[in-house]
J.: 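Can you keep this structure in mind? I'll have questions shortly.
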Amino acid sequence: QVQLVESGGGLVQPGGSLRLSCAASGFIFSNSWMYWVRQAPGKGLDWVSAINPSGINTYQIDSVKGRFAISRDNAKNTLYLLMNSLRSEDTAVYFCAKVDRFVGLGFVSDNRIGSWGQGTQVTVSS
C-alpha cells in the first residue's frame, strides 16, 4: 500500500532553514504528482508546492516563492522541501501528498485528496 513518511521538521528561529524529506513506497513514485501541504493551528489545508512526475515543473504559492524549493529524487523515491528565510507564519504541520493530477495551489480544498503522510511539525519561533 501507499506509504509516505515525512521527516526533517523541528524548531527553528526566524530567518533559519530546514529541509523536509518524504520517503515514498508502495507505488510508482516517478509516475506521481507530489505536493507539500501545510496546516497551521486553526486553519485549513494550504497546498504550498507541487512538482510534476519528472521533476521538471514546480509550482508554489506566492508567499513562499524565492524561499521554498520543492524537488524530488525519483531514483530514491524521495520528495524534498527546502525552506529558507523561515517566518513565524510558516509554522504548521507539513504533509507530503501523492495525487493523481495537479489540483491547484493555496486553500483549494480541505479534503485530503490522494494519499498522505502523517506530517512533520515545523515551528518558527525565537
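In what follows, every heavy atom counts, from backbone to side chain, and hydrogens, waters and symmetry copies are set aside.
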J.: Say you draw a straight line from CD of Gln3 to CG of Asn77; how long is it, rounded to the nearest 0.5 Å?
T.: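 Taking CD in Gln3 and CG in Asn77, the distance rounds to 12.0 Å.
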J.: Any donor-acceptor pair under 3.5 Å linking the side chain of Ser49 with the backbone of Tyr59?
T.: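 Yes; at least one donor-acceptor contact below 3.5 Å.
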J.: Taking distance alone, no hydrogens or angles, what donor-acceptor pairs closer than 3.5 Å link side-chain atoms of residues 104-112 to residues at least two apart or in another chain?
T.:
from	atom 1	to	atom 2	distance (Å)
Ser109	OG	Asn111	N	2.9
Ser109	OG	Asn111	O	3.4
Asp110	OD1	Leu45	N	2.8

J.: Would you mind listing every salt bridge (charged side-chain N to carboxylate O under 4.0 Å, His left out) that reaches into residues 71-86, with sequence neighbours excluded?
T.: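 Salt bridge (charged side-chain N to carboxylate O under 4.0 Å, His left out) check on residues 71-86 returns no pairs.
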J.: Measuring from Ser85:OG to Phe68:CZ, what's the distance to the nearest 0.5 Å?
T.: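 Ser85 OG to Phe68 CZ: 9.0 Å, rounded to 0.5 Å.
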J.: Sorted by first residue and then second, give each salt bridge (charged side-chain N to carboxylate O under 4.0 Å, His left out) pair with at least one member in residues 7-30; sequence neighbours left out.
T.: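 Residue pairs with at least one partner in residues 7-30: there are none.
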J.: Are side-chain heavy atoms of Trp47 and Val99 found at a separation under 4.5 Å?
T.: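 In contact.
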J.: Please report the closest heavy-atom contact between Lys65 and Gln60, naming both atoms and the distance.
T.: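 Result for this residue pair: CE-O, 3.3 Å.
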J.: Heavy atoms only: give me the nearest Ser17-Asn84 pair and the separation to one decimal.
T.: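 The answer is OG-OD1, 2.8 Å.
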J.: Using a 3.5 Å distance criterion without hydrogens, assess whether the side chain of Asn74 forms a donor-acceptor pair with backbone atoms of Pro53.
T.: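 Checking the backbone N and O of Pro53 against the side chain of Asn74, a donor-acceptor pair under 3.5 Å is found.
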J.: List the atom pairs, donor and acceptor, that lie under 3.5 Å between side-chain atoms in residues 21-28 and the rest of the protein, sequence neighbours left out.
T.:
none

J.: Give, for atom CG of Leu82 and atom CD1 of Ile70, the distance between the pair rounded to the nearest 0.5 Å.
T.: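 Nearest 0.5 Å value for the CG-CD1 distance: 11.5 Å.
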J.: Taking atom CD of Glu89 as the centre, report whether more than 12 heavy atoms of other residues, nucleotides or ligands fall under 6.0 Å from it.
T.: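 More than 12 heavy atoms, drawn from other residues, nucleotides or ligands, come within 6.0 Å of this atom.
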J.: Test side chain to side chain contact (heavy atoms under 4.5 Å, CB included) on Phe29 and Leu79; report intermediate values, then the result.
T.: CA-CA 9 Å; Phe29 182 73; Leu79 177 72; 4.2 Å; yes
J.: Examine Phe102 and Val37 and state if one hydrophobic cluster contains both, with Ile, Leu, Val, Met, Phe, Trp and Tyr joined whenever side-chain heavy atoms are less than 4.5 Å apart.
T.: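 Same cluster: Phe102 reaches Val37 through Ile, Leu, Val, Met, Phe, Trp or Tyr contacts under 4.5 Å.
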J.: CG/Asn57 to CG/Asn52 distance, rounded to the nearest 0.5 angstrom?
T.: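 Between Asn57 CG and Asn52 CG, I get 4.5 Å after rounding to 0.5 Å.
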J.: Would you check if the side chain of Glu6 reaches a backbone N or O of Gln118 as a donor-acceptor pair within less than 3.5 Å?
T.: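 Side chain of Glu6 to backbone of Gln118, a donor-acceptor pair under 3.5 Å: yes, one is there.
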J.: Is there a path of hydrophobic side-chain contacts, each under 4.5 Å between heavy atoms of I/L/V/M/F/W/Y residues, joining Ile51 to Tyr80?
T.: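 They do not share one cluster, since no chain of ILVMFWY contacts under 4.5 Å joins Tyr80 to Ile51.
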J.: For a quick test of reading the model, state the closest non-hydrogen atom pair linking Thr58 to Gly55 and the distance between them.
T.: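 Shortest heavy-atom separation between Thr58 and Gly55 comes out as CG2-O, 4.3 Å.
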J.: Got Val12 and Met83 here, is their nearest side-chain heavy-atom distance under 4.5 Å?
T.: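 With C-beta onward as the side chain, the pair stays apart.
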J.: Is there any disulfide bond (SG atoms under 2.5 Å apart) pair reaching into residues 24-76, and which pairs are they, with sequence neighbours excluded?
T.: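 Pairs touching residues 24-76 that pass the test: none.
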J.: How close do Leu18 and Leu86 get, heavy atom to heavy atom, and via which atoms?
T.: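 Closest approach of Leu18 to Leu86: N-CD1, 3.9 Å.
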J.: Just wondering, do Gln121 and Thr91 contact through their side chains at under 4.5 Å, heavy atoms?
T.: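 Of all side-chain heavy-atom pairs linking Gln121 with Thr91, at least one is under 4.5 Å.
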J.: Heavy atoms only: give me the nearest Ile113-Trp116 pair and the separation to one decimal.
T.: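 In this case the closest contact between Ile113 and Trp116 is O-NE1, 2.9 Å.
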J.: Just grab all the side chain to side chain donor-acceptor pair (under 3.5 Å) pairs involving residues 31-42, residues at least two apart or on different chains.
T.: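 Side chain to side chain donor-acceptor pair (under 3.5 Å) check on residues 31-42 returns Arg38-Asp46, Arg38-Asp90, Arg38-Tyr94.
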